[in-house]
Amino acid sequence: MNRRQRIALVTGANKGIGFEVARDLARKRFHLFLGARDEKAGLAATEKLQAEAGRAVDNANVEFIKIDVADPNSIKRAAEEFSKRSDHLDVLVNNAGILLDEDKNILEVSLDTLQTTLRTNTLGALLVSQAFVPFLKKSDAPRIVNVSSGGGQLTDGGGDWAPSYCISKTALNGVTVQLAAALPTFAVNSVCPGWVRTDMGGSNAER
């Protein structure tokens, strides 16, 4: 790997928005680590991007890394594996997320659904950031991008739609603010991609 080449890690990148972000970064000549919890799906997505890049597997600028953001041990193992392949990271995209309660209201949501959603959408992004900050500190332009949602806004957010999901994204925005304060030399942002036609967004999405 060229030491000067920009390196990015995208979580939840085997499909949907994460895959498209990964594809765009690969096209921009980043050395990309495609993160996913499902090894089979992650490897298939990696092979697809390698084929699009027109490179042999042994010389590809896309690599798979297994990471389940809901599992602290998986995050630790992913960071250890990353350290064997690269000494720095330029861009971390915390994209992995779940939506379990689309048709519920806050009075009907179970504790298990709320905890599971927060563990993935909020705590996952925080723990991944903590684990990979040492690599990001070795970049001359480190950045963390947290994929949030308009549903996480305190004003004009999701209303009574998907309360666990929206709460998790509100909290993720808080994590972003805290990370930005703790890492003043980093660019740290939350982004809202809009309502996108993915497995999560559904076929009626506007984008």
Side-chain angles (χ1 to χ4, degrees), residues 8-25 34-38 41-42 45 67-72 74-75 91-133 143-183 186-207:
L9 166 62
V10 183
T11 66
N14 58 291
K15 63 179 181 178
I17 291 171
F19 180 78
E20 292 302 325
V21 170
R23 170 184 273 157
D24 193 50
L25 288 169
L34 187 152
R37 62 180 176 178
D38 184 324
I67 182 168
D68 180 353
V69 305
D71 180 355
S74 176
I75 294 170
V91 178
L92 170 62
V93 182
N94 285 310
N95 166 78
I98 56 174
L99 170 59
L100 303 177
D101 62 343
E102 186 172 8
D103 298 323
K104 299 287 185 180
N105 68 53
I106 192 64
L107 300 178
E108 299 172 339
V109 170
S110 70
L111 177 60
D112 181 65
T113 295
L114 181 58
Q115 289 178 331
T116 300
T117 304
L118 286 168
R119 187 178 303 117
T120 299
N121 295 1
T122 309
L123 296 178
L126 173 58
L127 295 177
V128 172
S129 297
Q130 289 175 337
F132 284 87
V133 157
R143 61 192 62 223
I144 299 173
V145 181
N146 294 326
V147 179
S148 188
S149 167
Q153 296 179 137
L154 291 176
T155 303
D156 297 325
D160 61 356
W161 173 77
S164 295
Y165 177 81
C166 290
I167 289 169
S168 74
K169 295 301 185 178
T170 302
L172 178 61
N173 292 339
V175 167
T176 301
V177 171
Q178 291 290 325
L179 287 172
L183 301 165
F186 285 38
V188 185
N189 295 283
S190 285
V191 298
C192 172
W195 187 18
V196 184
R197 286 186 294 275
T198 62
D199 288 350
M200 182 184 292
S203 59
N204 293 324
E206 298 169 348
R207 299 187 67 188

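Please read these numbers as outputs of a predicted model, since none were measured by experiment. Residue indices begin at 1 and follow the sequence shown.
- Here the side chain of D101 pairs a donor or acceptor atom with the backbone of S164 at under 3.5 angstrom.
- I67 and G35 make their closest contact through CG2-CA, 3.8 Å (heavy atoms, listed as atom of the first residue, atom of the second, distance).
- Considering every non-hydrogen atom in both A36 and G42, the closest pair reads CB-CA, 4.0 Å.
- Side-chain contact check for N121 and S168: at least one donor-acceptor pair (N or O, by modelled atom type) lies under 3.5 Å.
- With contacts defined as side-chain heavy-atom distances shorter than 4.5 Å, the pair V175/Q178 does not qualify.
- In this structure, G18 and V10 approach most closely via the heavy-atom pair O-CG1, 3.8 Å.
- Remark: the backbone N or O of A96 is paired with a side-chain donor or acceptor of T11 at under 3.5 angstrom.
- We find the CG-OG1 distance between L100 and T117 to be 4.0 Å, quoted to the nearest 0.5 Å.
- Atom-to-atom distance recorded for L123:CG and Q130:CD is 9.5 Å, nearest 0.5 angstrom.
- You'll find the side chain of I106 reaches within 4.5 Å of the side chain of I167, heavy atoms only.
- Nearest heavy-atom pair, Q153 versus T170, reported as atom, atom and distance to 0.1 Å: N-OG1, 4.5 Å.
- Of all heavy-atom pairs spanning I75 and G124, the tightest one is CD1-O, 4.3 Å.
- Partners of R143 according to the side-chain hydrogen bond (donor to acceptor under 3.5 Å, both in side chains) rule, which considers only residues two or more places apart in sequence or in another chain, do not exist here.
- Taking CD1 from I144 and CG from L126, the interatomic distance works out to 9.5 Å, rounded to the nearest 0.5 Å.
- In this structure, N95 contributes its side chain and V147 its backbone to no donor-acceptor pair below 3.5 Å.
- The nearest pair of heavy atoms linking C166 to G151 is CB-O, 3.2 Å.
- Taken to the nearest 0.5 Å, the CG atom of N189 stands 11.0 Å off from the CG atom of N173.
- N146 is linked by a side-chain hydrogen bond (donor to acceptor under 3.5 Å, both in side chains) to N94, T176, counting only residues two or more places apart in sequence or in another chain.
- The line from CZ of R23 to CG of L34 is 11.0 Å long, rounded to the nearest 0.5 Å.
- Listed by chain and residue number, K28 satisfy the side chain to side chain contact (heavy atoms under 4.5 Å, CB included) test with D24 (two or more places apart in sequence, or in another chain).
- Atom OG of S129 sits about 9.5 Å away from atom CZ of F186, to the nearest 0.5 Å.
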